[in-house]
Amino acid sequence: MAKEIPDLVAEARTGTGKGAARQARRNGKVPGIVYGDGKEPTPIQLDFNPLLTRLRAGRFMSTLFNLKVAGQDDVRVICRGVQRDVVKDLPTHIDFMRLHRNTRVNLFIHVEFINHEEAPGLKRGGTLVVVRPEVELVVTASDIPDHITVDLSGKKIGDVIHIEDVVLPAGVKPTIDRNFVIANIAAPSGLRSSDNEDEAEAETAEA
């Protein structure tokens, strides 16, 4: 299911360079730039507090935005970089790239796990070990999935879930060619200890 494209409101910024950027920050703004699509870079600025709220909410770098600037046509953009104050870890500059509807981009997409109650391995006390909570995928700008889904139904202790076990949305593919691991069902610690004891006893008997 594709995300609803949220609006991101910004203002045109007059002047470029460090002086103009410092002035924007003094005014409670975060300076930024919009580039790409064969057009001249456009300097912008965003209100600090709303931007900080969105950054802290997560997934900012994987969200397609409808950028609204007064006096300009709306444009679809994706964040390609956030510079932060090294001490306060607060945003000091932000870069956006313009996108067409059919532009293909690499994005990290959240992995959602469902049907925990239908996994025999978890019922026996096993633990879901998530190796990749997000997966980098090649997606189309007009149809960015909100997440990919891993169905845990029938998964037993020791089962390993690879990317090829996941049904991806049409037109979406991983950026990595190999069949990498997303998660596994690990044995509970008591069961692991019991297995180790059994192995030790078997080795003693053989000796």
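From a predicted model like this one, the values you see are computed outputs, not experimental measurements.
Counting heavy atoms from C-beta outward, Ile182 and Val131 have side chains that stay 4.5 Å or more apart. Glu112 places none of its side-chain heavy atoms less than 4.5 Å from the side chain of Asp146. Counting heavy atoms from C-beta on, the side chains of Ile109 and Val135 never come closer than 4.5 Å.
Scanning all heavy atoms of the two residues, the minimum distance from Val30 to Pro91 falls at CG2-O, 4.0 Å. Between Pro6 and Leu64, the shortest heavy-atom contact is CD-O, 3.2 Å.
Using modelled atom types, no side-chain atom of Ser153 and backbone atom of Glu118 make a donor-acceptor pair closer than 3.5 Å.
The local environment of CG in Asn179 is crowded, with over 12 non-hydrogen atoms from other residues, nucleotides or ligands closer than 6.0 Å. At most 12 heavy atoms of other shown residues, nucleotides or ligands fall within 6.0 angstrom of atom CZ in Arg56. Counting non-hydrogen atoms of neighbouring residues, nucleotides and ligands closer than 6.0 angstrom, the CG atom of Asp85 exceeds 12 such neighbours.
The residues Arg76 and Asp37 are annotated as not salt-bridged, no charged nitrogen and carboxylate oxygen being separated by less than 4.0 angstrom.
Taken from CG in Asn115 to OG1 in Thr149, the straight-line distance is 10.0 Å, to the nearest 0.5 Å. Ile144 CD1 to His147 NE2: the interatomic distance, rounded to the nearest 0.5 Å, is 14.5 Å.
Just one residue in the list Arg13, Arg98, Gln72 forms a side-chain hydrogen bond (donor to acceptor under 3.5 Å, both in side chains) with Thr42, and that residue is Arg98.
Between Phe65 and Phe96, the ring planes lie perpendicular to each other; the angle is over 60°, past the 30° to 60° tilted range.
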(request) Start with the C-alpha gap between Leu51 and Phe60, add the side-chain angles, then the distance that decides, and say whether side-chain contact (heavy atoms from CB on, under 4.5 Å) holds. (result) CA-CA 10 Å; Leu51 176 62; Phe60 191 86; 3.8 Å; yes
